[in-house]
Number of protein chains: 2
Amino acid sequence: MATYELEHPAIEDITLTDVLFALSDPARLEIVREVAAGPLDMAACGATNPGLPKSTKSHLMKVLREAGIVRNVPNGRGRLVSLRKDELDVRFPGLLDSVLGS
Amino acid sequence: MATYELEHPAIEDITLTDVLFALSDPARLEIVREVAAGPLDMAACGATNPGLPKSTKSHLMKVLREAGIVRNVPNGRGRLVSLRKDELDVRFPGLLDSVLGS
DNA sequence: GCCATGGTTCGATAATACTTGAACAGTTGT
DNA sequence: ACAACTGTTCAAGTATTATCGAACCATGGC
């Protein structure tokens, strides 16, 4: 069947509280930090959490994606994860930089 | 008995994830916005939530206080709530401004 | 001292969120 | 087509958090 894309919220539907909640978990925040440097294969990120079950990692990623923080697109056999930085910087100016800088 | 002060975390014990979590709830974020303008009697804040039971409000305030976002000191018969802005600005530069500005 | 006022704490219940194995779905390579 | 590989979804169990009445505590005024 066709490559299946996951749902991503439109930039205007992203809420501040959902973003803050998604970032309030250490494991998720760590993923965001890793991805902040540039897009990463899903298999590659989460290096700090080696034994993490894949279903758990998938769920963490889902929360980040549904909050509008991360974009997750099919890439070959796996998926490429990237930070929606430009969009977030417009929607919540300075937020990402202050969080990642702390 | 003596005036009872509540526990407040030292600035260096405040964690980013706890702060983000405390701010990720709409009702708590609203309280922070109200207090951002200046210290407020506890009875005065929460104007947007008229029917809120006092035990619930007390709990919301506790989460904000334990996260290190708010200071809560006895004031006459009631309590005065204030934002720990100066401290937070040192610990997490730009964070509060970007959250409150969004 | 006594009462009214303003908040905290406790306890029980409801609602959310997290974790994980197992089953399933797409893609690549042979 | 088949097998290997990645990741998603489902479902069930666990854990954390929210809610709110009732009881309690401290203060101020009388």
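Just so you know, these numbers come straight off a predicted model, no measurement behind them. Just so we're on the same page: letters track the sequence lines, and every chain starts at 1.
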Peer 1: Nearest whole angstrom, please: distance from the P of C:dG26 to the CE of A:Met42.
Peer 2: 17 Å

Peer 1: Run through B:Asp18, B:Val19, B:Ile14 and flag the one making a side chain to side chain contact (heavy atoms under 4.5 Å, CB included) with B:Ile69.
Peer 2: B:Val19

Peer 1: OP1 or OP2 of D:dT8 less than 4.0 angstrom from a side-chain nitrogen or oxygen of A:Asn72, does that happen here?
Peer 2: yes

Peer 1: Roughly, in whole Å, what's the span from CD in B:Glu5 to C1' in C:dT8?
Peer 2: 14 Å

Peer 1: Calculate the interatomic distance between B:Leu6 atom CG and D:dA26 atom P; express it in whole Å.
Peer 2: 12 Å

Peer 1: If you look at every strand shown and take non-hydrogen atoms under 4.0 Å, does B:Met61 touch a base, only sugar-phosphate, or nothing?
Peer 2: nothing

Peer 1: What are the two closest heavy atoms between A:Ala22 and A:Ala67, and how far apart are they?
Peer 2: CB-CB, 3.7 Å

Peer 1: With rounding to the nearest 0.5 Å, note down the distance linking NE2 in B:His59 to CZ in B:Arg28.
Peer 2: 7.5 Å

Peer 1: Rounding to a whole Å, what distance do you find between A:Arg79:CZ and C:dA25:C1'?
Peer 2: 10 Å

Peer 1: Hey, does the side chain of B:Ser24 reach the backbone of B:Phe21 with a donor-acceptor pair shorter than 3.5 angstrom?
Peer 2: yes

Peer 1: Heavy atom of residues 29-41 of chain B under 4.0 Å from DNA chain D: which residues?
Peer 2: none

Peer 1: In chain order, what residues pass the salt bridge (Lys or Arg N to Asp or Glu O under 4.0 Å) check against A:Asp89, with sequence neighbours excluded?
Peer 2: A:Lys85

Peer 1: What distance do A:Leu20 atom CG and A:Thr15 atom OG1 have between them, rounded to the nearest 0.5 Å?
Peer 2: 8.5 Å

Peer 1: Quick one: what's the B/S/- string for nucleotides 13-23 of chain C, heavy-atom cutoff under 4.0 Å, read 5' to 3'?
Peer 2: ----SSBBBB-

Peer 1: Between P on D:dT6 and NZ on A:Lys62, what's the gap in Å once rounded to a whole number?
Peer 2: 22 Å

Peer 1: In terms of the nearest nucleotide of DNA chain D, which residue is placed more toward the 5' end: B:Arg77 or A:Ala44?
Peer 2: A:Ala44

Peer 1: So with a 6.0 Å cut-off around CG of B:Asp86, is the heavy-atom count from everything else above 12?
Peer 2: no

Peer 1: CG of B:Asp18 versus P of D:dT17: gap in Å, rounded?
Peer 2: 9 Å

Peer 1: Distance check, rounded to the nearest 0.5 Å: A:Glu12 atom CD versus A:Glu87 atom CD?
Peer 2: 9.5 Å

Peer 1: Looking at C:dT8, D:dC5, C:dG7, which one has an atom nearest to any side-chain atom of B:Ala43?
Peer 2: C:dG7

Peer 1: When hydrophobic residues are tied together by side-chain contacts of less than 4.5 Å, even through go-betweens, does A:Phe92 share a cluster with B:Leu100?
Peer 2: yes

Peer 1: Contact class for A:Asn75 (heavy atom, under 4.0 Å): base, sugar-phosphate, or nothing?
Peer 2: nothing

